[in-house]
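Scroll down for the structure; my scribbles are underneath it.
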Amino acid sequence: MSSKKGFGDKLKGNMNKFKGKAKDRIGSATNNSKMQREGKKDNIKGTAQNKKGDFKNK
């Protein structure tokens with residue numbers, strides 16, 4: 001049961017990382033620095049959520 005405690009956080013984290021990488025790449029391709037910043041921020045948020053999920057699983 002303890003292995004499922006952080007599942008929601010890890011799922012949200014992976015979605016934010018995916019969204020962040022997409023925004024960063026699109027921002028880079030369109031020379032949109034604001035979108036790139038948002039993408040990097042989402043990616044960092046996703047990484048933090050993944051770590052939170054890992055911590056809950058311990």
Side-chain angles (χ1 to χ4, degrees):
M1 179 130 161
S2 65
S3 65
K4 293 187 178 188
K5 286 183 181 179
F7 180 75
D9 289 316
K10 289 186 71 73
L11 184 63
K12 288 178 188 176
N14 286 332
M15 290 302 294
N16 276 319
K17 285 177 71 171
F18 177 79
K19 180 175 71 170
K21 287 179 184 180
K23 280 184 177 180
D24 188 21
R25 288 181 181 152
I26 292 169
S28 179
T30 60
N31 203 22
N32 185 338
S33 60
K34 180 181 177 192
M35 185 175 278
Q36 279 184 292
R37 282 192 308 272
E38 289 174 2
K40 290 181 190 321
K41 181 178 157 186
D42 287 340
N43 197 16
I44 291 168
K45 180 180 176 183
T47 300
Q49 285 174 317
N50 276 342
K51 289 182 181 183
K52 181 179 175 183
D54 287 340
F55 181 75
K56 284 183 177 181
N57 284 337
K58 290 184 180 186

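Along the sequence shown, the residues carry numbers beginning at 1. If you're wondering where the values come from, they're calculated on a predicted model, not measured in any experiment.
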Starting from I26 and following side-chain heavy-atom contacts under 4.5 Å between hydrophobic residues (I, L, V, M, F, W, Y), which residues can be reached?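 M35, which link up through side-chain heavy atoms under 4.5 Å apart, make up the rest of the cluster.
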[atom1]/[X] to [atom2]/[Y] distance, rounded to the nearest 0.5 angstrom?
{"X": "K23", "Y": "D42", "atom1": "NZ", "atom2": "CG", "answer": "4.5 Å"}
{"X": "N43", "Y": "T47", "atom1": "CG", "atom2": "OG1", "answer": "5.0 Å"}
{"X": "K19", "Y": "E38", "atom1": "NZ", "atom2": "CD", "answer": "9.0 Å"}
{"X": "N32", "Y": "R37", "atom1": "CG", "atom2": "CZ", "answer": "8.5 Å"}
{"X": "D9", "Y": "D54", "atom1": "CG", "atom2": "CG", "answer": "10.0 Å"}

What's the shortest heavy-atom distance between G27 and Q36, and which atoms?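 Scanning both residues completely, I find the closest heavy atoms to be C-CG, 3.6 Å.
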NZ (K10) with more than 12 external heavy atoms under 6.0 Å: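 Correct, the count exceeds 12.
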Test side chain to side chain contact (heavy atoms under 4.5 Å, CB included) applied to K41 - qualifying residues, sequence neighbours left out: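 Result, side chain to side chain contact (heavy atoms under 4.5 Å, CB included) vs K41: none returned.
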Do K21 and D24 make a side-chain contact, defined as non-hydrogen atoms from C-beta onward lying under 4.5 Å apart?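 K21 vs D24: side chains apart.
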Taking the side chain as every heavy atom from C-beta outward, state whether Q49 and K45 have any pair of such atoms under 4.5 Å apart. yes
Ignoring hydrogens and angles, tell me if any N or O in the side chain of N57 forms a donor-acceptor pair with the backbone of G6 under 3.5 Å. yes
